[in-house]
Amino acid sequence: MDDPFDYPKVRIRQPGKLIPGRASYEIFHGRRELLAVATETTEGHSRLQAITKMLPGTRTLAVTTAAGEPMLTLVKRSGEWVAELTDPDGAPIGRISIGGSRRHYTLLDEQDQVAGKAVGDLAVKDFSLTGANGERYGRLRKTWAGLWKELFTSADHYTVTFTGPVPPRVRTLIVMMAIVLDLARYEPS
């Protein structure tokens with residue numbers, strides 16, 4: 001697998017919608033260069049479900065390049081506190097294990113070996129990213145989405161800043177962790 005997120009800073013932006021429906025995320029390098037799009041593929045939540053806050057237990061997102069080519073699939077099962085990533089052929093890329101407080105995330109490679117960890121502050125908005133042996137990979141932060149989005153939608157923005165060398169698959173897990181964090185912690189449930 002190539003490293004589609006091989007940039008010092010990657011931004012994840014959730015488009016704002018007044019009534020939540022299917023989850024979608026845009027992944028950028030810098031401010032404007034679109035790298036990938038993650039869109040929920042399961043049937044969207046009806047407006048009644050969104051209003052009554054009844055979401056299905058499994059969320060599946062297809063991640064494509066800016067040109068629409070498949071990159072990976074992310075499946076988050078709420079009851080299992082884990083998200084699985086597979087490549088377009090269905091081969092495992094890795095898993096993201098969610099800690100009970102949603103402040104601790106463990107990044108597992110395709111062989112279920114610890115590849116990295118993310119530990120958040122008490123507000124669950126600022127995460128330190130480290131490798132399996134404690135080497136510093138960078139930081140993930142939930143950032144200001146703008147007044148309109150913050151007041152009227154559940155849309156959020158995240159920034160991943162890489163400070164050291166990171167293996168390509170782990171870099172992908174880290175970028176997808178921002179989406180898993182959003183689904184687990186901030187999406188209406």
Side-chain angles (χ1 to χ4, degrees), residues 1-17 20-45 56 58-77 82-98 105-112 115-116 118 127 129 131 137-143 145-146 149 153-187:
M1 173 179 193
D2 291 338
D3 193 352
F5 307 117
D6 188 15
Y7 297 97
K9 189 175 277 192
V10 177
R11 299 179 196 281
I12 298 93
R13 186 184 79 172
Q14 189 177 22
K17 297 180 248 180
R22 291 191 302 176
S24 64
Y25 301 86
E26 298 168 330
I27 304 167
F28 293 90
H29 158 59
R31 292 204 176 268
R32 300 178 195 257
E33 185 181 339
L34 183 64
L35 298 174
V37 176
T39 307
E40 191 165 16
T41 59
T42 56
E43 187 170 308
H45 316 301
T58 299
R59 313 275 305 263
T60 303
L61 286 87
V63 181
T64 61
T65 65
E69 298 169 12
M71 286 176 65
L72 59 96
T73 301
L74 183 148
V75 178
K76 182 192 166 296
R77 292 178 180 87
V82 69
E84 299 168 350
L85 280 75
T86 58
D87 69 14
D89 298 323
I93 293 173
R95 297 181 336 139
I96 301 167
S97 176
I98 307 165
Y105 291 76
T106 305
L107 310 174
L108 304 166
D109 65 15
E110 67 277 7
Q111 297 165 346
D112 266 351
F127 288 80
L129 306 167
Y137 283 163
R139 179 179 182 193
L140 183 143
R141 288 183 34 235
K142 183 176 184 293
T143 57
K149 280 186 179 180
T153 73
S154 64
D156 294 304
H157 290 191
Y158 299 87
T159 299
V160 177
T161 305
F162 294 104
T163 57
V166 180
R169 285 185 181 253
V170 177
R171 189 179 289 265
T172 298
L173 286 167
I174 289 170
V175 171
M176 292 300 113
M177 195 211 104
I179 294 172
V180 173
L181 166 66
D182 191 72
L183 292 172
R185 174 77 180 184
Y186 295 105
E187 274 292 289

Got a sec, which residues hit side chain to side chain donor-acceptor pair (under 3.5 Å) with Arg139, two or more places apart in sequence or on another chain?
Asp126
Within this structure, what is the CZ-OG1 distance for the pair Arg13 and Thr159, rounded to the nearest 0.5 Å?
12.0 Å
Relative to each other, are the rings of Tyr105 and Phe127 parallel, tilted or perpendicular (30° and 60° limits)?
perpendicular
Do Tyr25 and Leu183 pass the side chain to side chain contact (heavy atoms under 4.5 Å, CB included) test, and can you show the C-alpha distance, the side-chain angles, and the key distance before you say yes or no?
CA-CA 11 Å; Tyr25 301 86; Leu183 292 172; 3.5 Å; yes
So, for Tyr7 and Glu33, which heavy atoms are closest and what is the spacing to 0.1 Å?
OH-OE2, 4.0 Å
Taking all non-hydrogen atoms of both residues into account, name the closest pair between Ala178 and Ile12 and its distance.
CB-CD1, 3.9 Å
Salt bridge present between Asp109 and Arg169 (N-O < 4.0 angstrom)
no
Heavy-atom pair with the smallest gap, counting every atom of Ala23 and Leu61:
O-CD2, 4.4 Å
A side-chain contact here means heavy atoms from C-beta on lying under 4.5 Å apart; do Leu181 and Leu140 qualify?
yes
In short, Met176 meets Ile96 closest at the heavy-atom pair C-CD1, 4.0 Å
I need the minimum non-hydrogen distance between Pro70 and Pro88, along with the two atoms involved.
O-CG, 3.4 Å
With side chains defined as the heavy atoms from C-beta onward, is the minimum distance between Thr172 and Met71 less than 4.5 Å?
no
Between Tyr137 and Val160, is there a side-chain heavy-atom distance shorter than 4.5 Å?
no
In this structure, CZ of Phe162 is separated from CG of Asp6 (nearest 0.5 Å) by 9.0 Å
Rounded distance (nearest 0.5 Å) linking atom CZ of Arg95 with atom OG1 of Thr106:
10.0 Å
Is a side-chain N or O of Thr41 found less than 3.5 angstrom from the main chain of Thr60, in a donor-acceptor match?
yes
Just verifying a value: how many Å separate Leu108 CG and Glu84 CD, rounded to the nearest 0.5 Å?
10.5 Å
Kindly compute the distance separating CG (Leu34) from CD (Glu26), expressed to the nearest 0.5 Å.
6.0 Å
Out of Asp87, Thr86, Ile93, which one pairs with Leu72 under the side-chain contact (heavy atoms from CB on, under 4.5 Å) rule?
Ile93
How close do Ser24 and Gln14 get, heavy atom to heavy atom, and via which atoms?
O-CG, 3.3 Å
Can you tell me how far apart CG (Leu74) and CD (Glu40) are? Round to the nearest 0.5 Å.
10.5 Å
Do Ile27 and Ile179 make a side-chain contact, defined as non-hydrogen atoms from C-beta onward lying under 4.5 Å apart?
yes
